Undergrad: 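Handing you a structure now.
The figures here come from the full heavy-atom set of this structure, side chains too, leaving out hydrogens, waters and symmetry mates. These numbers come from a predicted model, not from an experiment.
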Amino acid sequence: MARNVVISGGGTGIGLAAARAFAADGDQVLLLGRRAEVLEKADVPGALTHAADLSDPHAVRGVAQFVAAELGTVDVLVNNAGGAGNPEAGADTDEPLEAVAHTWTVNFRQNVLTAALLTEALRERLASPGGRVLFLSSIAAYRGSGSGAYAASKAALHPYAFDLARDLGPRGITVNVVAPGYVEDTDFFGEAIDPARRDRLVAETSTGRAGTPGDIAATLHWLASPGAGHITAQVIQVNGGAERGH
């Protein structure tokens, strides 16, 4: 039976790979993102698209209205939108604390506020029973990100997901988190990653390779399947063992 699947950040990378995985099942997929031109270029059979800044409550209300009109019920919600500050402008200040405030605000807006607003806007439309809510975290939530802000924003999704799992469990809805490690072929690092940094990240894995968007999409797809119906309030790490290190 076809399901309605909403994916934020669905135009590129992990979101796009997940969209293709669900569409291959015949599911109706809705791609959300800030850039209409990117969504329109996404090659996902039969997908709907809607451009919106998911950190803006007014824009998210518009998303909720679109979902109500086009889908009605949401069977699977994948909160994939986020980033480490790109493509936001940097802090236009030389004052250290103002720069810190800017960095942390941008990271929490991109990674936490987008997920919270979209989830809360659609929570009453989640299929009961059988609904699935999924969040994209990061290996950084376990071991830091260098600046602290990105890692902290991803880590903040974990307790939110656990609270949601308790709240939505009686409705037969599961809530889980997927925490990837280094994944190639995404926009996360901008134009390209420094080769030495890539080699270091791959060397941290036990599998000897970088992750792919397909690796993460397959995990999301499984967590949304009937076979994962008794799995909730979990964080699934997909990093080739890198979080354990060598």
Side-chain angles (χ1 to χ4, degrees), residues 7-22 31 33-35 38 42-44 54 78-88 90 103-104 106-112 114-115 134-161 176-224 228 231 234-246:
I7 303 177
S8 69
T12 62
I14 292 170
L16 180 56
R20 289 171 175 165
F22 285 106
L31 306 177
R34 288 191 296 180
R35 299 170 292 175
V38 172
D43 183 18
V44 180
L54 298 179
V78 180
N79 287 288
N80 173 68
N86 295 324
E88 298 267 356
T103 297
W104 282 73
V106 166
N107 275 272
F108 270 76
R109 184 171 70 245
Q110 288 188 343
N111 296 302
V112 182
T114 55
L134 299 167
F135 295 92
L136 267 294
S137 179
S138 169
I139 190 173
Y142 289 88
R143 64 181 196 180
S145 58
S147 69
Y150 173 74
S153 67
K154 286 299 190 181
L157 294 172
H158 300 191
Y160 177 48
N176 290 291
V177 181
V178 175
Y182 171 53
V183 177
E184 290 190 315
D185 299 324
T186 73
D187 292 339
F188 183 81
F189 293 97
E191 292 293 325
I193 185 173
D194 176 71
R197 184 180 183 188
R198 180 195 180 278
D199 290 345
R200 185 173 67 253
L201 292 172
V202 170
E204 291 174 345
T205 70
S206 299
T207 55
R209 69 170 178 87
T212 68
D215 291 325
I216 313 307
T219 305
L220 294 166
H221 189 260
W222 168 67
L223 285 169
I231 297 172
Q234 302 300 309
V235 182
I236 309 298
Q237 295 200 56
V238 187
N239 55 47
E243 189 267 332
R244 299 298 178 184
H246 281 279

Undergrad: Can you name the side chain to side chain contact (heavy atoms under 4.5 Å, CB included) partners of Ala115, sequence neighbours left out?
TA: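 Ala115 satisfies side chain to side chain contact (heavy atoms under 4.5 Å, CB included) with Asn79, Phe135, Leu157 once adjacent residues are dropped.
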Undergrad: Quick test of your reading: applying ring-ring contact (aromatic ring centres under 6.0 Å, His included), list the pairs with at least one residue in residues 197-224, sequence neighbours left out, ordered by first then second residue.
TA: Phe22-His221
Undergrad: If every non-hydrogen atom of Val112 is compared with every non-hydrogen atom of Ser153, which pair is closest and at what distance?
TA: CG2-O, 3.1 Å
Undergrad: List the atom of Arg209, the atom of Asp215, and the distance in Å for their closest heavy-atom pair.
TA: NH1-OD2, 2.9 Å
Undergrad: Could you tell me which non-hydrogen atom of Phe108 sits nearest to which non-hydrogen atom of Ala156, and how far apart they are?
TA: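 Closest approach of Phe108 to Ala156: CE2-CB, 4.0 Å.
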Undergrad: CG of Asp185 to CG of Leu16: how many Å apart, nearest 0.5 Å?
TA: 11.0 Å
Undergrad: The criterion is side chain to side chain contact (heavy atoms under 4.5 Å, CB included); which residues satisfy it with Ala17, sequence neighbours excluded?
TA: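 Result, side chain to side chain contact (heavy atoms under 4.5 Å, CB included) vs Ala17: Pro213, Ala217.
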Undergrad: In the structure I gave you, are the side-chain heavy atoms of Ile236 and Asn176 within less than 4.5 Å of one another anywhere?
TA: no
Undergrad: Can you name the side chain to side chain contact (heavy atoms under 4.5 Å, CB included) partners of Val38, sequence neighbours left out?
TA: Thr12, Arg35
Undergrad: Spell out, as yes or no, whether a donor-acceptor pair under 3.5 Å connects the side chain of Ser8 to the backbone of Ala81.
TA: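 Yes.
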Undergrad: Show the nearest heavy-atom pair for residues Val235 and Ala179, with the distance to one decimal.
TA: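 Distance-wise, the nearest heavy atoms are CG1-CB, 4.0 Å.
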Undergrad: Going by salt bridge (charged side-chain N to carboxylate O under 4.0 Å, His left out), name the pairs with one or both residues in residues 134-144, residues two or more places apart or in two chains.
TA: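 Qualifying pairs: Arg143-Glu204.
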Undergrad: Can you name the nearest heavy-atom pair linking Ala18 to Leu220, along with the distance?
TA: CB-CD1, 4.1 Å
Undergrad: If we ignore hydrogens and angles and just use 3.5 Å, is the side chain of Asn80 paired with the main-chain N or O of Ile7 as donor and acceptor?
TA: no
Undergrad: What is the minimum heavy-atom distance between Ser145 and Gly148, and which atoms define it?
TA: OG-N, 3.4 Å
Undergrad: For Glu184, which residues count as a salt bridge (charged side-chain N to carboxylate O under 4.0 Å, His left out) partner, sequence neighbours excluded?
TA: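 Glu184 satisfies salt bridge (charged side-chain N to carboxylate O under 4.0 Å, His left out) with Arg198 once adjacent residues are dropped.
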Undergrad: Between Ile193 and Tyr182, is there a side-chain heavy-atom distance shorter than 4.5 Å?
TA: yes
Undergrad: Rounded to the nearest 0.5 Å, what separation is found between the CG atom of Asn107 and the OG atom of Ser147?
TA: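 OG of Ser147 is found 6.0 Å from CG of Asn107.
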Undergrad: First locate atom NZ of Lys154, then atom CD1 of Ile139, and finally report the distance between them rounded to the nearest 0.5 Å.
TA: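 Spacing of NZ (Lys154) from CD1 (Ile139) equals 13.5 Å.
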Undergrad: Compare all side-chain heavy atoms of Arg20 with those of Asp43 and state whether any distance is below 4.5 angstrom.
TA: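 Counting from C-beta outward, Arg20 and Asp43 do come under 4.5 Å.
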